[in-house]
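To start, the structure under review is shown below, and the notes come after it.
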Amino acid sequence: MTDQKPDDQPTPAKLPGAPATPKPVAPPAASRSLDEAKRHGTVAEDGHVYVTYQGEQLPVGAFPEASADEALTYFARKFTEVETQVSLLENRIAQGADADAARKNLDHVREQLAARTMVGDIADLERRVHQLEEKIADRAEAQQVEAEEAKRRAETEREAIVKAAEEVAAQDPSQTHWKNSSARMSDLFDTWKVAQKQTRLPKQVEDALWKRFRTARTVFDKNRRCLLYTSDAADE
């Protein structure tokens, strides 16, 4: 008689006709047991599954040709998937996620809960969803404050760029080091373009600052051309 190694023992997944091993679903903080599923759902003799919600038995679907435990496990898993989405949203909001994106995801969760096609503590999950709505609203307000602060900082930075350009343009042409000043004005223009891409200011503010910057560049270029023309005329 040949000894059979433990690894060679057939498993349910290896037997002919056995279903493939299902991919694991990311569990929430605490895995849902079958016993817990039984506290929130029941299975009728015809295979229809019901969930207890606010004292009522609501139909969630059917799992024909399966045992009661298998049917409950199937619909409990659907609850776990939605609960996992809620847990992920809670973590994302706690870490400062975008409120609009989080709200869209929460709307999807709310639709799944409203469909009532799962077995679990739906009332508790709805409570968490409600708390998430409040947290997302708070996050939206915080984002608004952050955006306003960012615009104020951007306006201050843009103002500094304009003032620096005006200082370059205000130099005495006869005392100006044109090579260094030209490089300085070019750097300020590049800095302006980068700052403009990073943060858009209100149009009125943006236009006013740009007009000042453009005027400074025009004055600088005009002074340089005039000096060059004067120098060429003197040489003649």
Side-chain angles (χ1 to χ4, degrees), residues 26 28-29 84-111 128-236:
T84 298
Q85 296 177 49
V86 173
S87 297
L88 291 174
L89 276 174
E90 289 170 339
N91 290 334
R92 289 175 56 194
I93 287 298
Q95 295 171 7
D98 178 71
D100 288 338
R103 188 176 289 112
K104 291 179 182 178
N105 290 332
L106 190 62
D107 287 342
H108 179 60
V109 167
R110 194 182 293 107
E111 291 174 359
R128 291 170 62 184
V129 166
H130 179 69
Q131 291 178 341
L132 261 175
E133 291 173 346
E134 296 177 346
K135 291 177 181 178
I136 290 174
D138 291 341
R139 177 58 189 149
E141 291 181 4
Q143 280 185 237
Q144 183 64 30
V145 172
E146 292 169 3
E148 293 300 327
E149 291 177 350
K151 285 183 179 180
R152 283 194 292 270
R153 289 195 301 270
E155 184 175 350
T156 299
E157 293 170 359
R158 206 80 62 85
E159 176 75 24
I161 295 171
V162 172
K163 286 184 177 180
E166 290 172 338
E167 290 174 0
V168 173
Q171 296 177 103
D172 183 349
S174 64
Q175 303 295 323
T176 298
H177 190 295
W178 292 103
K179 182 178 181 180
N180 291 345
S181 295
S182 295
R184 174 62 172 159
M185 189 64 80
S186 179
D187 288 343
L188 289 170
F189 182 52
D190 290 340
T191 303
W192 171 278
K193 290 189 293 184
V194 172
Q196 188 179 46
K197 289 181 179 179
Q198 290 177 339
T199 307
R200 283 287 181 179
L201 299 176
K203 188 176 186 306
Q204 185 176 0
V205 175
E206 186 93 37
D207 290 347
L209 288 172
W210 170 245
K211 182 178 180 180
R212 287 171 55 193
F213 188 84
R214 183 179 58 193
T215 299
R217 293 179 70 202
T218 300
V219 169
F220 177 80
D221 291 339
K222 181 180 179 181
N223 289 340
R224 181 174 56 180
R225 287 195 300 270
C226 287
L227 185 64
L228 290 173
Y229 177 80
T230 303
S231 298
D232 291 342
D235 291 342
E236 295 177 356

Given the options R139, E90, R110, L132 meets side-chain contact (heavy atoms from CB on, under 4.5 Å) only with E90
Can you name the one residue among L88, D138, I136 that meets side-chain contact (heavy atoms from CB on, under 4.5 Å) with I93?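 Result: among L88, D138, I136, I136 is the only option passing the side-chain contact (heavy atoms from CB on, under 4.5 Å) with I93.
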Counting only N and O atoms by type, is there a donor-acceptor contact under 3.5 Å from the side chain of [X] to the main-chain atoms of [Y]?
| X | Y | answer |
| --- | --- | --- |
| R128 | V86 | no |
| S186 | S182 | no |
| E206 | L201 | yes |
| E134 | Q131 | no |

Report, one line per pair, each donor and acceptor closer than 3.5 Å where one atom sits in a side chain of residues 97-106; sequence neighbours left out.
from: D98; atom 1: OD1; to: Q143; atom 2: NE2; distance (Å): 3.0
from: D98; atom 1: OD2; to: D100; atom 2: N; distance (Å): 3.2
from: D98; atom 1: OD2; to: A101; atom 2: N; distance (Å): 2.9
from: D100; atom 1: OD1; to: R103; atom 2: NH1; distance (Å): 3.3
from: N105; atom 1: ND2; to: A101; atom 2: O; distance (Å): 3.4

Measure across [X] and [Y] and return the closest heavy-atom pair with its distance rounded to 0.1 Å.
| X | Y | answer |
| --- | --- | --- |
| R184 | A164 | NH2-CB, 3.7 Å |
| A169 | V219 | O-CG1, 4.0 Å |
| I161 | A195 | CD1-CB, 4.4 Å |
| V162 | L209 | CG2-O, 3.6 Å |

Could you give the distance from [atom1] ([X]) to [atom2] ([Y]), rounded to the nearest 0.5 Å?
| X | Y | atom1 | atom2 | value |
| --- | --- | --- | --- | --- |
| T199 | R153 | OG1 | CZ | 8.0 Å |
| M185 | R224 | CE | CZ | 9.0 Å |
| F213 | T191 | CZ | OG1 | 8.0 Å |
| K197 | W192 | NZ | CH2 | 14.0 Å |
| E166 | L188 | CD | CG | 11.0 Å |

Would you mind checking if E146 and K151 are paired as a salt bridge, meaning a charged N to carboxylate O distance below 4.0 Å? no
E159 and R212 ion-paired at < 4.0 Å: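 Result for this pair is yes, salt bridge flagged.
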Assess the residue pair Q85 and H108 against the criterion (side-chain contact (heavy atoms from CB on, under 4.5 Å)); give the C-alpha distance rounded to whole Å, side-chain angles, the decisive distance to 0.1 Å, and a yes or no. CA-CA 10 Å; Q85 296 177 49; H108 179 60; 3.7 Å; yes
Aromatic rings F189 and W210: how do their planes relate, parallel, tilted or perpendicular, breaks at 30° and 60°?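 Geometry flag for W210 against F189: tilted rings.
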Set of ring pair (Phe, Tyr, Trp, His ring centres under 6.0 Å) partners for W178, sequence neighbours left out: F220
Polar contact flag, side-chain donor to acceptor under 3.5 angstrom, E148-Q144: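 Judged by distance alone, the side chains do pair up.
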Are there more than 12 heavy atoms of other residues, nucleotides or ligands under 6.0 Å from atom CD of Q204? no
